[in-house]
Amino acid sequence: MTSSLRVDHAPPIDAPVRIEGTVGWKERHGRSVLVLVLRVLTLVVAIVAWQLTAGHLIGILFVSKPTLVWNQLKAWAESGALWSNSWVTIKEILIGYAFGAGAGVALGFALSLTRVLASVLDPFVMGLYAIPKVALAPLFIVWFGIGLEMKVILAAVTVFFLVFLNTTAGIKQVDDNLIDAARLMGASTPQLILKVVLPGSMAGVLTGLRIAIPYALIGAVIGELVASNQGLGYLINDSASTLNTAGVYAALVALTVIAAVLNAVVNILGRWTDRWRPNDQAR
Amino acid sequence: MPTVLEARDVSKLFTKGSNRVVALRDCSLQVDEGTFVTVLGRSGCGKSTLLNLFAGLTRPTSGEIRSRGTALAGPADGVGYMTQSDTLMPWRKLHRNVEMPLELRGVDRAERTRRAAELIELVGLAGYESHYPRELSGGMRRRASLARMLIGDPDLLLLDEPFSALDAQLRTEMQAELLRLWQGTGRSVVFVTHDIEEALVLGDRVVVLGQHGAVRLDVPVALGRPRDLDEIRVDPAFVEMHRRLARSLRGETGDVVPAS
């Protein structure tokens with residue numbers, strides 16, 4: 001029926017015109033290379049300034065010294081303490097994140113799809129969200145002891161609320177017109193959820209997943225600072241109690257590296273999930 | 001000709017705070033099979049509400065919508081629906097958007113791909129299959145929406161000012177495109193617009209709605225088909241009809257509504 005209607009189309013007159021491969025390397029990357037170089041320079045200047053002023057302006061006991069921190073890191077690396085304690089912290093972050101994020105997305109969807117229940121529970125969720133999670137630490141110690149579980153739970157609870165709230169916000173943002181359109185295409189309720197609500201709310205869900213990553217680290221480290229016998233938080237506490245400032249800084253450096261890696265993962269995820277987004281909405 | 005769609009004394013009220021707002025009051029309209037009906041009205045006359053009721057997206061407060069003789073209770077089957085707003089899924093590439101109605105129906109991938117390619121070619125978007133909607137121009141997105149609407153082979157098209165966001169040239173182009181795609185298919189069309197010219201150029205019959213969906217005028221369009229959209233605008237019959245519809249839109253009397 002439709003084949004009899006075929007005509008030769010000119011290309012649409014308002015089609016965007018692309019000229020492939022005409023943007024050179026310098027135009028595309030010049031600025032980011034410059035920024036990168038300046039960043040490295042900033043770091044080097046800061047470390048050198050630290051090294052030169054430490055012990056003169058402020059006491060070594062307070063600010064330590066880059067060389068001392070380096071030596072401490074080397075010592076911990078040789079004894080294995082750096083790896084074993086980092087690994088404990090990383091494990092807490094990953095497990096806590098997985099539980100918190102999983103529960104956040106699942107409950108976010110479950111509640112959003114039953115609107116009455118969502119309205120009923122909303123004030124309770126917001127109330128719990130407002131509690132500083134560190135205040136829950138003593139309770140979690142009573143429940144789970146001072147082992148890995150308590151840090152995992154603390155990280156998970158922190159992550160949960162961020163993911164949950166962003167998931168529900170993302171679902172609210174799904175364009176009703178898209179839902180109507182799909183309904184008229186004959187979509188069943190499960191199909192609506194799977195093919196419209198889920199991808200449509202992805203922006204919110206992924207925002208939650210992204211911003212929650214550093215909070216998993218915060219939750220885990222706070223747990224370690226409150227009570228622990230291993231992990232980077234424990235190294236900080238332990239070093240501080242023996243006035244080993246270099247040890248505190250060394251543990252902070254290790255934490256910074258972990259945080260930087262997590263942030264890099266977040267950025268890569270963000271770029272991948274935003275690929276269909278109009279430029280003016282892209283982050 | 002059998003009636004495919006009928007509104008019987010339909011009223012629709014919306015709640016707004018503690019008040020109810022009347023969108024339609026006792027509106028009755030019949031659409032015969034295979035005809036192109038344009039519904040003309042100023043904004044706020046309830047024409048979009050009527051179309052949503054026809055589509056089964058909302059239920060009337062009183063009265064009923066009958067589709068092929070049976071009362072409509074939910075989103076209607078075999079209906080193509082297109083509004084002014086862009087409803088292509090922004091996360092799907094063009095070909096995945098076009099094949100979506102078939103996907104929802106469980107048609108297998110090979111068949112889907114084949115049909116989508118056919119429709120994309122038909123609306124003149126061949127070569128843009130792998131573009132996301134944001135990478136297409138406004139006119140191209142309208143073409144894509146047309147393709148998606150037609151792939152499910154609907155026998156009734158419900159269109160709510162689908163081209164009003166386009167510039168005048170592009171709108172004329174899309175009107176011609178729609179007529180070309182519709183001509184000879186036997187599909188019934190309800191096309192809602194506020195533009196007199198559009199109503200005349202496209203329709204077999206123009207229904208003018210006044211406040212709350214009161215039918216002010218219901219006239220056949222005495223213009224032959226296929227239509228040359230540039231020529232038709234200077235046709236004396238067109239000019240005369242245009243005058244009549246404009247008067248009716250302004251609410252001037254002098255036209256008797258034919259009894260249905």
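Note that the structure is predicted; figures quoted are calculated from it, not measured. A note on names: the letters A, B, ... follow the listed sequences, proteins ahead of strands, and every chain is numbered from 1.
More than 12 heavy atoms of other residues, nucleotides or ligands lie within 6.0 Å of CZ in A/F161, so this atom counts as buried by the packing criterion. Around the OH atom of A/Y129, the shell of radius 6.0 Å holds no more than 12 heavy atoms that belong to other residues, nucleotides or ligands. Within 6.0 Å of CG in B/D32 there are more than 12 heavy atoms belonging to other residues, nucleotides or ligands. Other residues, nucleotides and ligands contribute more than 12 heavy atoms inside 6.0 Å of the CZ atom of B/R225.
Taking both residues in full, the closest heavy atoms of B/L104 and A/A182 are given as CD1-O, 4.1 Å, listed atom of the first, atom of the second, then distance. The nearest pair of heavy atoms linking B/A55 to A/L184 is O-CD2, 3.4 Å.
Atom CG of residue A/L178 and atom CH2 of residue B/W91 lie 5.0 Å apart, to the nearest 0.5 angstrom. The CD atom of B/Q84 sits 10.0 Å away from atom CG of A/N177, with the distance rounded to the nearest 0.5 Å. Atom OG1 in B/T87 sits 12.0 Å away from atom CD1 in A/I179 (nearest 0.5 Å).
Contact of B/D167 with chain A is not made at all, since no heavy-atom distance falls under 4.5 Å. In this structure, chain A has no heavy atom under 4.5 Å from any part of B/L102.
Within the 4.5 Å cutoff, side-chain heavy atoms of A/K195 are placed close to those of B/E103. The shortest distance between side-chain heavy atoms of A/M185 and B/R148 falls below 4.5 Å.
Chain A forms more heavy-atom pairs under 4.5 Å with one residue of B/G127, B/P154, B/P101 than with any other, namely B/P101.
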